[in-house]
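Just follow the structure's listing: the first ligand is 1, and inside any ligand the first atom is 1. Just so we're clear, the structure is a prediction, and the values are computed from it rather than from any experiment.
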Amino acid sequence: MTTYKSFIAGEWVEPSTGEYAENRNPADTRDLIGRFPRGDVRDVNRAVESAKKGFALWKATPAPARGDILRRVGDILVRRKDEVADLMTREMGKPIAETKGDVQEGIDTAYYAATEGRRLFGHTVPSELRNKWAMSFRRPIGVAGIITPFNFPLAIPTWKIFPALLCGNSVVFKPATDVPHTGHVLVEILLEAGLPPEVIQLVHGPGRVGDAIVNHPDVALVSFTGSTETGSKIGETCGRMHKRLSLEMGGKNAMIVLNDADLDLALEGILWGAFGTTGQRCTATSRLIVQDGVHDTFVKMLVDRAAKLTLGDGRKKGTDVGPLVNEASRENVERYVAIGKDEGATLALGGQRATGGNLDNGFFFQPTIFTNVKAGSRLEQEEIFGPVLSVIKVKDAAEAFTVNNDVAYGLSSSVYTRDVNVSFQALQVLDNGITYINAPTIGAEAHLPFGGVKATGNGHREGGWEVYEFFSETKVGYVDYSGALQRAQIDNY
Ligand code: UN1
């Protein structure tokens, strides 16, 4: 069995605690992947000290040269795509097609970052005074703390780390405890591509490691994806310490199917949106809002097809749905099934642990559908992060939009309709960071801004061009070559 290390101050090192945690395959817990460090504040302190040195070096490296390294990272990921996807499925369970997509998202993010090194645009604007230039440009900020979840073990770290690096920051990275192997491989790849060692630090460990990163006075900015509860605590600390913070948190995303929808298309969409990644995406479709004219027909189509989904090891051909990531997650799903029943919703499919044969050794749960779910009930309002879909019946598009908006979260939404007017109304009125027309609530592309409104985020976006704003600071330069004192706002007016 392999014992892995953290990467601190340019070396692979054992944790200060001497403690390790086992990493097991959630589809078959007899399969032990390795032992990973359970670090603590001492490891973080050493990592930040080193990252400060890394920052001094890296911020002086021209942005196009920083981009060249990220291009090589993309090239290595292309070459190792199948192997990395396989090890990701082994440690977090989603089917290989999905982990390949996850790696591809990392590749897209690397190549986007590489080219951004030759942009990082500022503005040059006319000064109100003669013989004077006025311009803005972007500067790196410092040591970036990056704390990431298990569900996209590669893509989400790359969304944060690559732009952070491209902008000239150094990074202290803490991957989720369920996916340390992917984190390890990502850091190996960054080093292989030529990133100077002190620019990246990898500290494995439980929540206390994240805590230490967030609380460290020399960590200037933090980017976190995870639960709204943890995000709120991080927000309090960062607010008090005047740190820049980007949060991506919960979702309760809805697909709306209207009477004029192409039901076959919507069916493919809901199966993918609700049960892809076993419902463990921030963007997962956890509510299905259906107009009364097609409600009964569509629910029947859905239940028939969802009942035929094949559960199993994501590394086996033919598997549609993998396990949940761990036992705590499965217990949480069970808790919500009980809540749904108590609230009087109708259990139309699933609702139980999936067992029998090979499933007995993993954290499997049946794809679950509740109908007659009341808007406002807990089942309809709270994020579950599992394969549980709540169906709500509505009378028209206006009611569907109201139900969509009437939750605390606002990540993604989706509308199936053939009516162009309704489509554009939806884009305008749905309170989400992303709305899909005739596509499910998942499937964001790496070159567009990603994020949500309300309790999902704190106003920042990942992906695309906007994330580069987060990881850099605007500076303005005025150059007066007139040889005289020119007083802005006074001499010309
Ligand atoms: C997440 O849901 O945690 O849009 C990230 C998607 C993926 C990223 C999801 N590209 O579903």
Side-chain angles (χ1 to χ4, degrees), residues 77 81 85 88-89 92-95 97-112 146-163 175-176 178-179 182-183 223-228 230-231 246-255 268-287 321-322 324-325 329 383-389 409-414 430 432-458 460-464 466-467:
L77 284 169
K81 183 171 176 179
M88 285 161 69
T89 295
M92 61 72 70
K94 66 186 176 185
E98 295 189 32
T99 44
K100 279 192 191 166
D102 196 320
V103 179
Q104 186 58 44
E105 208 159 331
I107 294 167
D108 298 340
T109 303
Y111 289 147
Y112 190 103
I146 306 286
I147 304 171
T148 54
F150 76 86
N151 61 340
F152 278 78
L154 191 84
I156 292 180
T158 70
W159 287 0
K160 300 176 189 297
I161 293 174
F162 295 175
D178 286 306
V179 290
T182 309
S223 181
F224 168 79
T225 297
S227 73
T228 298
T230 305
S246 174
L247 296 171
E248 279 304 332
M249 302 173 288
K252 191 71 187 178
N253 315 299
M255 175 190 287
E268 298 307 322
I270 190 64
L271 290 165
W272 177 226
F275 303 118
T277 325
T278 323
Q280 302 169 111
R281 293 195 189 209
C282 325
T283 53
T285 314
S286 54
R287 298 184 295 155
V321 182
L324 288 159
V325 73
S329 184
E383 184 174 49
I384 302 173
F385 230 64
V388 181
L389 179 67
Y409 302 108
L411 183 49
S412 60
S413 53
S414 135
L430 296 180
N432 303 95
I434 307 169
T435 293
Y436 295 89
I437 304 296
N438 294 325
T441 59
I442 69 179
E445 300 180 27
H447 59 298
L448 278 96
F450 178 92
V453 301
K454 301 195 284 187
T456 295
N458 65 339
H460 292 291
R461 292 291 180 269
E462 310 207 78
E466 287 203 16
V467 68

Take Thr456 and Glu248 through the test side-chain contact (heavy atoms from CB on, under 4.5 Å) and record every step on the way to the result.
CA-CA 6 Å; Thr456 295; Glu248 279 304 332; 4.1 Å; yes
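- In this view, Ser286 and Lys252 satisfy the side-chain contact (heavy atoms from CB on, under 4.5 Å) rule, not counting sequence neighbours.
- Residues passing the side-chain contact (heavy atoms from CB on, under 4.5 Å) test with Pro163 are Val467, Tyr468, Phe471, sequence neighbours excluded.
- Sorted by first then second residue, the side-chain hydrogen bond (donor to acceptor under 3.5 Å, both in side chains) pairs that include residues 271-281, not counting sequence neighbours, are Glu98-Thr277, Thr277-Arg281.
- Here CD1 of Ile146 is found 9.0 Å from OG1 of Thr225. Values are rounded to the nearest 0.5 Å.
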Inventory of protein N or O atoms under 3.5 Å from ligand 1 N or O:
{"residue": "ligand 1", "atom": "2 (O)", "partner": "Cys282", "partner atom": "N", "Å": "2.9"}
{"residue": "ligand 1", "atom": "2 (O)", "partner": "Thr283", "partner atom": "N", "Å": "3.1"}
{"residue": "ligand 1", "atom": "2 (O)", "partner": "Thr283", "partner atom": "OG1", "Å": "3.1"}
{"residue": "ligand 1", "atom": "3 (O)", "partner": "Asn151", "partner atom": "ND2", "Å": "3.0"}
{"residue": "ligand 1", "atom": "3 (O)", "partner": "Cys282", "partner atom": "N", "Å": "3.4"}
{"residue": "ligand 1", "atom": "4 (O)", "partner": "Gly443", "partner atom": "N", "Å": "3.0"}
{"residue": "ligand 1", "atom": "4 (O)", "partner": "Ala444", "partner atom": "N", "Å": "2.6"}
{"residue": "ligand 1", "atom": "10 (N)", "partner": "Glu105", "partner atom": "OE1", "Å": "3.1"}
{"residue": "ligand 1", "atom": "10 (N)", "partner": "Glu105", "partner atom": "OE2", "Å": "3.0"}
{"residue": "ligand 1", "atom": "10 (N)", "partner": "Ala444", "partner atom": "O", "Å": "3.1"}
{"residue": "ligand 1", "atom": "11 (O)", "partner": "Arg281", "partner atom": "NH1", "Å": "2.6"}
{"residue": "ligand 1", "atom": "11 (O)", "partner": "Thr283", "partner atom": "OG1", "Å": "3.0"}
{"residue": "ligand 1", "atom": "11 (O)", "partner": "Gly443", "partner atom": "N", "Å": "3.1"}

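- Here the closest non-hydrogen pair linking Pro440 and Gly269 is CB-O, 3.3 Å.
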